[in-house]
There are 2 protein chains.
Amino acid sequence: MTNKNVILKKSFLMTRAEENYIKTIFHLGGHSAVPIATNAIAEQMETKPSSVTDMAKKLAEKGLVHYKRYQGVSLTDSGIKTALSIIRKHRLWEVFLVKKLDFTWDEVHEVAEQLEHIKSEKLIDKIDELLDFPKYDPHGDPIPSKDGKFMVRDKELLSDLDAGVSGVCVGVKDTSAPFLKFLDKNGIALGKTITILEKEDFDQSLHIKIETQELHISHQIASNLYVKKHD
Amino acid sequence: MTNKNVILKKSFLMTRAEENYIKTIFHLGGHSAVPIATNAIAEQMETKPSSVTDMAKKLAEKGLVHYKRYQGVSLTDSGIKTALSIIRKHRLWEVFLVKKLDFTWDEVHEVAEQLEHIKSEKLIDKIDELLDFPKYDPHGDPIPSKDGKFMVRDKELLSDLDAGVSGVCVGVKDTSAPFLKFLDKNGIALGKTITILEKEDFDQSLHIKIETQELHISHQIASNLYVKKHD
DNA sequence: AATAAAATTTAGACAAATCTAAAAATAGGT
DNA sequence: ACCTATTTTTAGATTTGTCTAAATTTTATT
Ligand SMILES: [Mn+2]
Ligand SMILES: [Mn+2]
Ligand SMILES: [Mn+2]
Ligand SMILES: [Mn+2]
């Protein structure tokens, strides 16, 4: 087998489980030098630490993660590339589902979790083209380009801003269906302008204006909404 | 667990391997009373007969096939329903790839083999709607509706027709990429009118007119082209 | 009907991904 | 520095889907 085929094999012969581990490690911050703890990965993936250890060894064997016993794992350059490719697919499929099939933003994640594992470079590139090369997914998260680059929009948690400040809602931190449905119910959506009218010292709850409507939201809600401040 | 959940489990908790076996059995004709031989399934799936036996037992356990030792397998009503649902997904995805993403008809099968296993009823129904409820896939094969019904177009193999007869090309029997590429190269496509000008007794090869162009094709080619005769 | 050939099943093994329970290593507190 | 609590790894088992080799059943041939 040629060296080129070995390289191809590595990226094409990833199992679904392997891909899910790589993606989780990336999301936990394992792309930086800081290694991620076995337990953190296990908790995030709803599996047991012993399973994570087994997989860490396998991924290290494949050159996708750095792993030293008891020292946690972090992604190699190859692992980061792989993670970005999966995240790209996940987010593009989410945009597709919303823009072309009228899914709501709380419905797309579950299906994208499956679609992100479809192996076809042509397929995802054509989906990208069909969607006119979107930069952000339905939850405001950036979509990596084919070569792994993506916009890091400067945004802040609504809960970190002071009274009087206003900006545009550009993302959500919690992407769970219940949270997204709550936002729908209260007229909060990406692209809308939010102004902090008042901040309650006692419980950090906020009195906000969203477009024309006034609303009271808890700290928990505010700490899951990303806003881009007006200049 | 309620009875309803048990039923749901059966249709939702199918593994990819199980789905592929069910689909293969259906394609080999196992939907009729005639049971399909273990070896036939093994050959079609490029696996070993012993593996087929193991899976036959599991599928029988789940009520998807009839199975008696040494007697082959056939699909139960539930198995047929399952097979039609997978085939529906496969063919709708093939149409999607051709109509919306500019895939050629020789590229779609491999990707559809993956996409057919995505679990989301809403997804496939929305794809169906986006495509305006197509009745046939890019190879002329009928697409089962949500409730498992589909058109059986009356069509004949070009090789079974006599000289002088003409009709419209409505399907291919061999859907392999090499055959489809051969057809492209020779200007043969679904929807085109074909007339048999002459039939060579010796080797059954045909001299045909396809639209305005004349062409000589072997028996092997003719026996993989479906035609609907003109009235 | 007996025997040979072919098809099918069984038995036992293996790889992938997971688990539980026990052992080992690390980190934190005094 | 020592002890303890926590984290992580190892060892061994389990499930799914596969394989090879041997045994069994069916089918075809004499
Ligand atoms: Mn998502
Ligand atoms: Mn998202
Ligand atoms: Mn196909
Ligand atoms: Mn087809």
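Below, chain A is the first sequence line, B the second, and so on; all start at residue 1.
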Show me, pair by pair, the donor-acceptor contacts under 3.5 angstrom made by side chains of residues 39-50 of chain B, not counting sequence neighbours?
none

So the salt bridge (Lys or Arg N to Asp or Glu O under 4.0 Å) pairs with at least one residue in residues 25-34 of chain B (sequence neighbours excluded) are none
Please list all pairs meeting ring-ring contact (aromatic ring centres under 6.0 Å, His included) that have one or both residues in residues 59-92 of chain B, counting only residues at least two apart or in different chains. B/H90-B/H109
Identify all side-chain donor-acceptor contacts of residues 141-153 of chain B below 3.5 Å with residues at least two apart in sequence or on another chain.
unit_1	atom_1	unit_2	atom_2	d
B/S145	OG	B/D147	OD1	2.4
B/S145	OG	B/K149	N	3.3
B/S145	OG	B/K149	O	3.2
B/K146	NZ	B/E121	OE2	2.9
B/K146	NZ	B/D125	OD2	2.7
B/R153	NH2	B/G140	O	3.4
B/R153	NH2	B/V170	O	3.4

Just jot down the salt bridge (Lys or Arg N to Asp or Glu O under 4.0 Å) partners of B/K199, sequence neighbours excluded, or say none. none
Who passes side-chain contact (heavy atoms from CB on, under 4.5 Å) against B/D154, sequence neighbours left out? B/K228
List for me each residue that meets side chain to side chain donor-acceptor pair (under 3.5 Å) alongside A/D201, sequence neighbours excluded, and say none if there are none. none
Could you list all the ring-ring contact (aromatic ring centres under 6.0 Å, His included) pairs where at least one residue sits in residues 21-52 of chain A, not counting sequence neighbours? A/F26-A/H31
Report each atom pair, protein N/O against N/O of nucleotides 11-16 of chain C, whose distance is under 3.5 angstrom.
none

Which side-chain N or O atoms in residues 96-105 of chain A pair as donor and acceptor under 3.5 Å with protein atoms at least two apart or in another chain?
unit_1	atom_1	unit_2	atom_2	d
A/T104	OG1	A/D106	OD1	2.8
A/T104	OG1	A/E107	OE1	3.1
A/W105	NE1	A/D184	OD1	3.1
A/W105	NE1	A/D184	OD2	3.4

Where along residues 31-45 of chain A does a heavy atom come under 4.0 Å from DNA chain D, residue by residue in number order? A/A37, A/T38, A/N39
Check each residue of residues 20-29 of chain A for a non-hydrogen atom within less than 4.0 Å of any atom in DNA chain D, then write out the ones that pass by number, or none. none
